[in-house]
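Taking it in order: structure first as structure tokens, then the write-up.
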Amino acid sequence: MAEDIRVRFAPSPTGHLHIGGARTALFNYLYARRQNGVFVLRIEDTDAERSTDESVRMILQDLKWLGLTWDEGPEVGGEYGPYFQTQRLDLYREKLEFLLERGHAYACFCSSETLEKKREQAMATGQQPKYDGTCRNLSRADAQARIKAGEAYVVRLKLPTEGTTIIDDRIRGKMVFENNVLDDFVLARTNGLPMYNFAAVVDDAAMKISHVIRGDDHISNTPRQILLYQALGEPLPAFAHVPMILGADKTRLSKRHGATSVGAYADEGYLPQALTNYLALLGWSFDDKTTLFTREQLIDKFSLKKVSKNPAVFDPAKLQWMNGIYIRQLPAEEYVARALPVLIAAGLLPEPLDEAARAWGGRVALLVKEHLKIFTELPAHVSYFFGETVELDETAKEKMLLAKERPDLFKSLHQKMSMLESFTHKGLEEMMKVLLAEAQVKFGDLVHPLRAAVTGRANSPGIFEVLELLGKERTVKRLAAGLASVGITTEN
RNA sequence: GUCCCCAUCGUCUAGUGGCCUAGGACACUGCCCUUUCAAGGCGGUGGCAUGGGUUCGAAUCCCAUUGGGGACGCCA
């Protein structure tokens, strides 16, 4: 590798890991792996009010859940650490001094109230709400004096008033900004803490980030950042702005659109490989055919050139379909390992689990493996396996009615079942075959009412598997109850 | 309001001037398979926002319009 590829994901710990953030992290991760580069995780916690340790914990956990392991960052360290911005304050102070000394930055004493008022006024009158430069031309001496006198101030970057700044984006090509539409933005707050644009640039430079891959909501920050790199005398990284992820109404994805945190999807029983695959396809594609990718394939195929420019609408239905695919691909043991806790949580299986319950629960879960799209729907699929009796739903009641046409057949079925020695798939099937031949009826005529009586619904996995797992006692009891509900009485 | 970005089926997208009477996937839907439901197989509905150019030839290039999104913080 001629060039050292270093990318970073830099979340602010002000909440959980968002779907959009996860996609950005994924693209960075894939790019780093593909290019044999380094994936850095940096926590941008300079907003003292909103940053929380709990958020840091959740974000790290969700990244790990997705398998997006970072090479440098929290917990693993690295030679460019520390990786929390609040632990890098000395660096920002140093750079601030550097800019101040060179006249690239200046102290501003305008109060936030005044600025807020001006901004509102500008917006209202259709003006551009940019800083008006009140303190821009204060002499350094005056400024020093006011600072000494204890006046509160922020530090702003002094931007050129003419000329243009060009972003040469890896995904979008060249974007041109007139410098005069930019304003002297704040580098450091009154309390001395750096602002986003400043800390991000200082760190990206210090951490030798070669490619800044981030959401396109950052495009308008980029010219400011470029000017800042120049003021700092630092080389520019390559920029790649990936399109945003929108909700169904085409506005920025937010809570209004349902679950938007990675953690919520994890809790709902989505598989990390499914979410990863789905997210990869939001704004990126490989060709005109392939939709399913293993992690290795994603790493192998990923390229910034194939990232699209237009925003993508998040489609929960497609994610769900994809999750179903991955569930079906799960090896049986792994599937069972995921299924049992769900059944326990639903109160269907006891905690702790004894060997028998574990084995039986696993077999029950396996029966509906092909039917599941998400693990949270598992309990609903298998609820009739638990408890002694079942209540028939409407569709089941309808099917049950069919039994009235051949009461004798079902009485006979009931009797044979209660006397059946080997209550297994094979034993049951053989017994029924004989019964059907004797009565001269089709299997369908028998199976629908039977299924209804035993499961309480009109559909289920294969009836023999269901009966075998349910066991003779409950099957016979439920069949009798079902028949009784349509007026067919059974002896014994 | 100002600046920036974007524009192919409902959604995700393939497509970089002729291979496109536009391909795939989800969703919807018909049929097959079948003990039901899924799954699977085979079909179907559905799209190049509009108007101008450029060209022998435009989904593909240019311009305008329209539409959508984003940014304009002592948030990130």
Side-chain angles (χ1 to χ4, degrees), chain A residues 10-14 21 44-47 49-51 108 110-112 115-116 119 122-131 152-156 167 169 172 175-178 180-183 185-197 199-200 214-223 241 243-244 246 248 250-252 278 281-292 306 308-322 324-325 328 368-373 381 395 399 432 442-448 450-452 455 457-464:
Chain A
S12 69
T14 55
E44 309 217 324
D45 55 353
T46 55
D47 184 342
E49 270 94 69
R50 295 196 295 158
S51 297
C108 168
C110 299
S111 74
S112 35
L115 293 172
E116 182 63 26
R119 196 175 304 125
M123 288 275 214
T125 59
Q127 306 275 2
Q128 207 189 337
K130 56 182 252 190
Y131 178 60
Y153 68 101
V154 299
V155 177
R156 290 180 184 273
I167 308 174
D169 194 273
R172 287 149 210 275
M175 292 181 276
V176 181
F177 291 78
E178 293 292 332
N180 63 23
V181 306
L182 272 21
D183 67 352
F185 62 94
V186 176
L187 299 177
R189 305 159 157 94
T190 304
N191 66 9
L193 286 177
M195 292 285 290
Y196 162 71
N197 279 127
R214 62 190 1 172
D216 73 13
D217 48 333
H218 284 282
I219 287 178
S220 54
N221 281 321
T222 310
H241 288 96
M244 308 241 316
L246 311 177
K250 303 239 185 186
T251 62
R252 200 192 177 106
Y278 178 70
L281 257 20
L282 235 38
W284 173 83
S285 64
F286 172 62
D287 60 13
D288 60 337
K289 297 255 177 326
T290 326
T291 48
L292 265 18
K306 299 284 287 178
S308 77
K309 293 198 264 245
N310 37 346
V313 173
F314 185 80
D315 180 7
K318 190 161 183 175
L319 204 212
Q320 209 167 87
W321 162 79
M322 201 172 269
I325 302 260
R328 270 173 261 138
V368 297
K369 186 178 172 213
E370 314 299 305
H371 295 235
L372 282 192
K373 285 206 169 76
H381 273 99
T395 56
K399 299 286 184 194
M432 276 189 225
K442 290 189 308 241
F443 187 50
D445 298 332
L446 186 68
V447 77
H448 296 298
L450 172 59
R451 169 178 287 118
T455 69
R457 41 183 99 176
N459 44 53
S460 76
I463 193 69
F464 299 116

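Chain letters run A, B, ... following the sequence lines, proteins first and then strands; every chain starts at 1.
A donor-acceptor distance shorter than 3.5 angstrom exists from the side chain of K130(A) to the backbone of N180(A), with no hydrogens or angles considered. With hydrogens and angles ignored, the 3.5 Å screen pairs no side-chain donor or acceptor of K306(A) with any backbone N or O of W284(A). With hydrogens and angles ignored, the 3.5 Å screen pairs no side-chain donor or acceptor of S285(A) with any backbone N or O of L281(A). Counting only distance, with no hydrogens or angles, the side chain of D287(A) and the backbone of T290(A) share a donor-acceptor pair below 3.5 Å. Between the Y278(A) side chain and the P316(A) main chain, no donor and acceptor come within less than 3.5 Å of each other. At least one donor-acceptor pair under 3.5 Å links the side chain of R189(A) to the backbone N or O of P194(A).
Rounded to the nearest Å, the gap between the P atom of rC72(B) and that of rC56(B) is 48 Å. Across the C1' atoms, rA49(B) and rG10(B) are found 15 Å apart, a figure rounded to whole Å. Spacing of C1' atoms, rG46(B) relative to rC12(B), comes out at 15 Å, to the nearest Å. Spacing of P atoms, rC26(B) relative to rU16(B), comes out at 24 Å, to the nearest Å. Using P as the reference atom, rG24(B) and rG43(B) are 10 Å apart when rounded to the nearest Å. Between rG70(B) and rC19(B), the distance separating the two P atoms is 37 Å to the nearest Å. Between rU34(B) and rG41(B), the two C1' atoms lie 13 Å apart (nearest whole Å). rG47(B) and rA59(B) have their C1' atoms separated by 10 Å, given to the nearest Å.
As the counterpart of rG1(B), rC72(B) is assigned, both hydrogen-bonding distances of the Watson-Crick or G-U wobble pattern falling under 3.5 Å. With both pairing distances under 3.5 Å, rA25(B) is matched to rU11(B) as a Watson-Crick or G-U wobble pair. In this structure, rC31(B) forms a base pair with rG41(B), meeting either the Watson-Crick or the G-U wobble geometry with both donor-acceptor distances under 3.5 Å.
Within the 4.0 angstrom heavy-atom criterion, base atoms lie near P461(A). Within 4.0 Å (heavy atoms only), V368(A) reaches no atom of the nucleic acid at all. Within 4.0 Å (heavy atoms only), I219(A) reaches sugar-phosphate atoms of the nucleic acid but no base atom. Within 4.0 Å of T14(A), counting heavy atoms only, lies no atom of the nucleic acid at all. Nucleic acid contact class of M244(A) (heavy atoms, under 4.0 Å, all strands): sugar-phosphate only. Residue V313(A) is classed as a sugar-phosphate contact, given heavy-atom separations below 4.0 Å to backbone atoms only. R457(A) comes within 4.0 angstrom of no nucleic acid atom, judged by non-hydrogen atoms across all strands. Within 4.0 Å (heavy atoms only), H218(A) reaches at least one base atom of the nucleic acid. Nucleic acid contact for T46(A): sugar-phosphate only, since backbone atoms but no base atoms lie under 4.0 Å from a heavy atom of the residue. Heavy atoms of Y278(A) sit nowhere under 4.0 angstrom from any nucleic acid atom. Looking at heavy-atom distances under 4.0 Å, P311(A) makes contact with sugar-phosphate atoms alone, never a base. Here G462(A) lies in heavy-atom contact (under 4.0 Å) with a base.
Between N197(A) and V181(A), the residue anchored nearer the 5' end of RNA chain B, judged by the nucleotide with its closest heavy atom, is V181(A). Place M175(A) and L281(A) on RNA chain B by their nearest nucleotides, and M175(A) ends up nearer the 5' end.
In this structure, the nucleotide among rG40(B), rG73(B), rG10(B) sitting nearest to the side chain of R328(A) is rG40(B). Picking from rC75(B), rU36(B), rA71(B) the nucleotide with the shortest atom distance to the side chain of D217(A) gives rA71(B). Listed candidates were rC75(B), rC72(B), rC4(B). Nearest to the side chain of F177(A) is rC4(B). When distances run from any side-chain atom of R50(A) to the nucleotides rC74(B), rC75(B), rG40(B), the shortest one goes to rC75(B). Considering only the side chain of T291(A), rA25(B) comes nearest among rG1(B), rA38(B), rA25(B). Closest approach to the K289(A) side chain among rU35(B), rC37(B), rG23(B) is made by rG23(B) (side chain taken as heavy atoms from C-beta onward). Across rC6(B), rG23(B), rU36(B), the shortest atom-to-atom separation from the side chain of D288(A) is found for rG23(B). Which of rU35(B), rA25(B), rU11(B) sits closest to the side chain of I463(A) comes down to rU35(B). Ranking rU35(B), rC74(B), rG10(B) by closeness to the F464(A) side chain, first place goes to rU35(B). Closest to the side chain of L246(A), from the set rA14(B), rG69(B), rG73(B), is rG69(B).
Between R189(A) and rA76(B), a side-chain N or O to OP1/OP2 separation shorter than 4.0 Å is present. For the pair K306(A) and rG15(B), the criterion of a side-chain N or O lying under 4.0 Å from OP1 or OP2 is met. Regarding contacts with the backbone of rA71(B), a side-chain N or O of R252(A) is found under 4.0 angstrom from either OP1 or OP2. Applying the 4.0 Å criterion to OP1 and OP2 of rA14(B), one finds that S285(A) has a side-chain N or O inside that range. Contact check, T190(A) against rC74(B): no side-chain N or O comes under 4.0 Å of OP1 or OP2. Residue K250(A) places at least one side-chain N or O closer than 4.0 Å to OP1 or OP2 of rU11(B). N310(A) has a side-chain polar atom (N or O) that falls below the 4.0 Å cut-off from OP1 or OP2 of rU8(B).
Note: CG (D315(A)) to P (rG24(B)) measures 19 Å, nearest angstrom. For the pair K318(A) NZ and rC28(B) C1', the interatomic distance rounds to 15 Å; values are reported in whole Å. For the pair Q320(A) CD and rC12(B) C1', the interatomic distance rounds to 16 Å; values are reported in whole Å. Between Y196(A) atom OH and rC72(B) atom P there is a gap of 11 Å when expressed in whole angstrom units. As a whole-Å value, the separation of K369(A) NZ from rA39(B) P is 15 Å. The interatomic distance linking H381(A) (NE2) with rC37(B) (P) rounds to 13 Å, in whole Å. The nearest whole Å value for the distance from the CG atom in D216(A) to the C1' atom in rC6(B) is 8 Å. One interatomic measurement links the two molecules: CZ of R451(A) to P of rU36(B), which rounds to 8 Å at whole-angstrom precision.
Within a 6.0 Å sphere centred on CZ of F464(A), heavy atoms belonging to other residues, nucleotides or ligands number more than 12.
Put simply, the side chain of N221(A) and the base of rA76(B) share a donor and an acceptor less than 3.5 Å apart.
Side-chain N/O atoms of T222(A) and R214(A) include a donor and acceptor closer than 3.5 Å.
Put simply, the residue from D217(A), D216(A), D169(A) that forms a side-chain hydrogen bond (donor to acceptor under 3.5 Å, both in side chains) with H241(A) is D169(A).
Separation of atoms CG (L193(A)) and CG (D47(A)) is listed at 9.0 Å; rounding is to 0.5 Å.
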